[in-house]
Amino acid sequence: MARVSQAHLDARRRQILDAAALCFARNGFHATSMQDVLKEADLSAGAVYRYFSGKDELIAAIVSEVLGGVRAAFEEAARQSPPPPLDLLVASVLGRTLAARESLIVDGVPAFPRLVVQAWSEIPRNAELAAVLREGYDSVRAAWGLIVEGYQQAGRMRTDIAPDHVARTMIAAVTGFIAQQALFGPAPVDVLRDGLRALMSVPAEQPRPTGSPLG
């Protein structure tokens with residue numbers, strides 16, 4: 001029997017993951033059965049179960065793949081000295097993440113934002129997925145911390161703010177933008193880029209005294 005090439009195995013795994021992503025985005029995690037995934041992938045049960053034991057493993061694999069790509073992109077940026085401008089960096093990474101999955105369309109809209117929101121909702125009931133998301137969040141947060149340190153060392157960002165505070169804020173901005181797309185429809189990444197650029201142009205103010213209306 002001819003040996004199956006690694007390229008063939010990778011392509012089959014990709015086929016299964018994309019089929020599962022479409023099913024999950026269309027009907028949600030709970031309403032999707034493995035039979036639905038088999039039908040979407042046009043594969044036999046044996047072909048699919050060779051790669052994944054069930055829905056939970058499929059969900060975790062999809063989430064891990066996305067977070068791994070995002071982490072790698074930010075880690076690459078952190079190695080540059082100084083890192084690219086913040087607005088361009090965020091737009092570039094998010095744009096690449098969305099573009100890598102632009103072929104996954106459900107009801108005329110991208111499936112990816114829906115999948116992200118569904119993954120968040122699964123955290124209370126799925127300990128494995130919660131652990132995957134936590135690990136991914138921590139790794140992206142650490143990468144962002146390094147980027148902020150690079151900005152600070154280059155004199156591009158004030159140094160009296162903890163890098164982790166900036167990291168959390170940037171993650172919140174990106175995830176919030178994705179959530180908006182899931183809830184209200186697609187929007188170009190340029191919107192986030194321009195918004196960040198405008199916020200970056202606001203002059204910094206000295207901290208207000210404790211007890212002041214905005215302090």
Side-chain angles (χ1 to χ4, degrees), residues 21-22 25 62-63 65-121 133 136-208 212-215:
L22 286 172
I62 291 170
V63 172
E65 182 180 64
V66 173
L67 290 174
V70 171
R71 182 197 68 241
F74 284 134
E75 287 177 344
E76 178 184 348
R79 289 192 289 270
Q80 301 180 43
S81 182
L86 183 149
D87 56 327
L88 298 181
L89 171 59
V90 172
S92 173
V93 173
L94 181 57
R96 284 156 54 184
T97 301
L98 295 174
R101 293 153 186 84
E102 63 185 359
S103 63
L104 301 180
I105 302 295
V106 173
D107 299 329
V109 298
F112 176 68
R114 291 187 183 183
L115 290 172
V116 172
V117 173
Q118 289 184 41
W120 293 338
S121 69
L133 283 168
Y137 171 78
D138 287 344
S139 64
V140 171
R141 182 173 145 199
W144 253 114
L146 294 175
I147 291 171
V148 174
E149 290 175 2
Y151 289 143
Q152 292 175 333
Q153 292 167 5
R156 291 186 175 182
M157 186 175 289
R158 53 191 292 176
T159 59
D160 60 334
I161 303 296
D164 185 59
H165 293 187
V166 183
R168 287 173 178 263
T169 300
M170 295 314 305
I171 293 173
V174 172
T175 54
F177 186 74
I178 292 173
Q180 288 179 35
Q181 296 201 47
L183 295 171
F184 308 119
V189 175
D190 292 354
V191 171
L192 181 61
R193 181 204 63 197
D194 292 346
L196 290 172
R197 185 171 296 168
L199 291 173
M200 290 161 58
S201 69
V202 177
E205 294 186 8
Q206 295 297 318
R208 296 176 180 269
S212 65
L214 299 178

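Here, residue 1 is the first one in the sequence, and each next residue gets the next number.
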- request: Could you walk me through whether Val90 and Trp144 pass the side-chain contact (heavy atoms from CB on, under 4.5 Å) test, one step at a time?
  value: CA-CA 10 Å; Val90 172; Trp144 253 114; 3.6 Å; yes

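- Although no hydrogens or angles enter the test, the distance criterion places no donor-acceptor pair under 3.5 Å between the side chain of Ser92 and the main chain of Leu88.
- Rounding to the nearest 0.5 angstrom, the gap separating the CD1 atom in Ile171 from the CZ atom in Phe74 is 8.0 Å.
- Of the possible donor and acceptor atoms, none in the side chain of Tyr151 sits under 3.5 Å from a partner among the backbone N and O of Leu146.
- The structure places CG of Leu89 at 10.0 Å from CD of Glu76, a figure rounded to the nearest 0.5 Å.
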query: Does the side-chain contact (heavy atoms from CB on, under 4.5 Å) test come out yes or no for Tyr137 and Arg168, once each step is laid out?
result: CA-CA 10 Å; Tyr137 171 78; Arg168 287 173 178 263; 3.6 Å; yes

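- Going from atom CG of Leu183 over to atom CZ of Arg114 covers 10.5 Å, rounded to the nearest 0.5 Å.
- Minimum heavy-atom separation, Ala167 to Gly145: CB-N, 4.0 Å.
- In terms of heavy-atom proximity, Thr169 sits nearest to His165 at OG1-O, 2.9 Å.
- In this structure, the separation between CD1 on Ile147 and CE on Met157 is 9.5 Å, given to the nearest 0.5 Å.
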task: Take Leu133 and Leu67, measure what side-chain contact (heavy atoms from CB on, under 4.5 Å) needs, and give me the verdict at the end.
output: CA-CA 8 Å; Leu133 283 168; Leu67 290 174; 4.0 Å; yes

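- Side chain of Arg197 to backbone of Asp87: no donor-acceptor contact under 3.5 angstrom is found.
- Remark: Arg156 CZ to Leu86 CG distance equals 10.5 Å, nearest 0.5 Å.
- Val148 and Pro163 get closest at one heavy-atom pair: CG1-CA, 3.7 Å.
- Nearest approach of Arg193 to Ala91, heavy atoms of both residues: CB-CB, 3.7 Å.
- Distance alone, capped at 3.5 Å, is enough to place a donor-acceptor pair between the Gln152 side chain and the Ile161 backbone.
- Across all their heavy atoms, Pro82 and Gly150 have their closest contact at CB-O, 4.4 Å.
- Residues Val63 and Ala119 share a closest heavy-atom pair of CG2-CB, 4.0 Å.
- Annotation: the span from Leu94 atom CG to Gln181 atom CD amounts to 7.0 Å, rounded to 0.5 Å.
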